[in-house]
Amino acid sequence: MPRIKHISISTPCHEDWQQMTANQQGKFCQSCCKTVVDFSEMTNAEVIAYLASHKNTCGRIPALKLAAINHQLEIDNRKRFTWKGLIAAASLSMLFPVINAKAKPAHKTEQAPVVPAKANIINRVADSVTYITIKGVIRAKEDGQPLPGASIKVKYRGKYIEGITNVNGLFSLRVPAKAKRVLVSFVGYQSQDITLKPGEEEKAMEIMLQMNSYMLGGFGMH
């Protein structure tokens, strides 16, 4: 069974759920001739297990549930990564004493004085872009709860500077002072395009996102 890192509905379906024909797994969509699985009453673990064993699934899921599932997947993947790091560190700590025991005594060396490179000074002078730090919190408009993992993007000279909120919905992002707009988004919520105003870095922003009630469409996983 493949390990899922993130679940999304990249292109939501706009068909009317109420007009579909009910069946055992959810409802049958006449438009695409496909069963739309109803994940509303499933637990997070049941949704993950189902999607891991079924490809090309089309379904209906509450936006808040999808956000909660992705938050759970993010935490699980972090734990898995941490354990891998600990195992690797333990293996190295067992390996190095053996290597050191067999190593020959190193010859005495002398280090020459280090001369600072002039190129570093030139680079610092050439970089004339002034930066500011924007910070704040992103919450759900319905209940005021913080949204961990929400995306913050600032476009500058054709490139994006990106960041995400922490478990408390807080963010801090260093961006060019001349940047004008910031795009805030979160799975299952309506995105916001915010204009950055002069002096924005001096105060914490509070951004409230409106939740989409239900999402219909094909699930994408990676």
- Item | Exercise: identify the closest heavy-atom pair between I134 and V154 | CD1-CG2, 4.2 Å
- With a 3.5 Å cut-off and no angle check, do the side chains of Q210 and E142 form a donor-acceptor pair? yes
- Interatomic distance, CG@L196 vs CE@M205, rounded to 0.5 Å, equals 6.0 Å
- Can you tell if the side chain of Q72 reaches within under 4.5 Å of the side chain of D76, non-hydrogen atoms only? yes
- For the residue pair K27 and W17, what are the closest heavy atoms and their distance? NZ-O, 3.2 Å
- Message: Is it true that, when you exclude K155 itself, more than 12 heavy atoms of the residues, nucleotides or ligands shown sit nearer than 6.0 Å to its NZ?
- Response: no
- Do Y50 and L66 share a hydrophobic cluster (ILVMFWY, side-chain heavy atoms under 4.5 Å, transitive)? yes
- Single-linkage hydrophobic cluster, 4.5 Å side-chain cutoff, I194 and L183 together: no
- Can you see which heavy atom on V36 is nearest to which on C29, and at what distance? CG2-CB, 4.0 Å
- Note on the structure: CE of M20 to CD of Q30, rounded to nearest 0.5 Å, is 9.5 Å
- Item | Hydrophobic cluster identity match, I61 and L216, side-chain contacts under 4.5 Å | no
- Nearest heavy-atom contact between A49 and S53 is O-OG, 3.1 Å
- Is there a donor-acceptor pair closer than 3.5 Å between any side-chain N or O of T165 and the backbone N or O of A150? yes
- Task: Check whether I207 and L173 end up in the same hydrophobic cluster, where Ile, Leu, Val, Met, Phe, Trp and Tyr are linked by side-chain heavy atoms less than 4.5 Å apart.
- Result: yes
- In terms of heavy-atom contacts, P176 and I161 come closest through CD-CD1, 3.3 Å
- Note on the structure: Interatomic distance, CD@Q19 vs OG1@T21, rounded to 0.5 Å, equals 9.5 Å
- Below 4.0 angstrom, N of the basic side chain to O of the carboxylate: do R181 and D193 qualify? yes
- Query: So if you build clusters from Ile, Leu, Val, Met, Phe, Trp, Tyr with side-chain heavy-atom gaps below 4.5 Å, do M42 and L51 land together?
  - Reply: yes
- Query: Aromatic rings Y189 and F186: how do their planes relate, parallel, tilted or perpendicular, breaks at 30° and 60°?
  - Reply: tilted
- Query: So do C13 and C58 actually touch side chain to side chain, heavy atoms under 4.5 Å?
  - Reply: no
- Validation row: I132, R174 side chains within 4.5 angstrom (heavy atoms): no
- Point-to-point distance, once rounded to the nearest 0.5 Å, from OG of S172 to CD1 of I152: 9.5 Å
- Closest non-hydrogen atom pair, D16 against Q18: OD1-N, 3.0 Å
- Message: Using only atom types and a distance under 3.5 Å, with no angle test, would you say the side chain of N168 pairs donor to acceptor with the backbone of L170?
- Response: no
- Query: Is there a side-chain contact between V184 and F171, using heavy atoms and a 4.5 Å cut-off?
  - Reply: no
- Rounded distance [0.5 Å steps], CD in E15 versus OG in S31: 4.0 Å
- Step by step, work out the ring pair (Phe, Tyr, Trp, His ring centres under 6.0 Å) result for F219 and F39. CA-CA 12 Å; F219 284 82; F39 293 105; 5.3 Å; yes
- Query: Could you state the interatomic distance from NZ (K5) to CD (E74), rounded to the nearest 0.5 Å?
  - Reply: 12.5 Å
- Item | Trace of the side chain to side chain contact (heavy atoms under 4.5 Å, CB included) decision for L209 with Q190 | CA-CA 6 Å; L209 296 185; Q190 298 175 14; over 6 Å; no
- Query: Are there more than 12 heavy atoms of other residues, nucleotides or ligands under 6.0 Å from atom NZ of K34?
  - Reply: yes
- Task: Give a yes or no answer on whether the side chain of N70 reaches the backbone of H6 with a donor-acceptor pair at less than 3.5 Å.
- Result: no
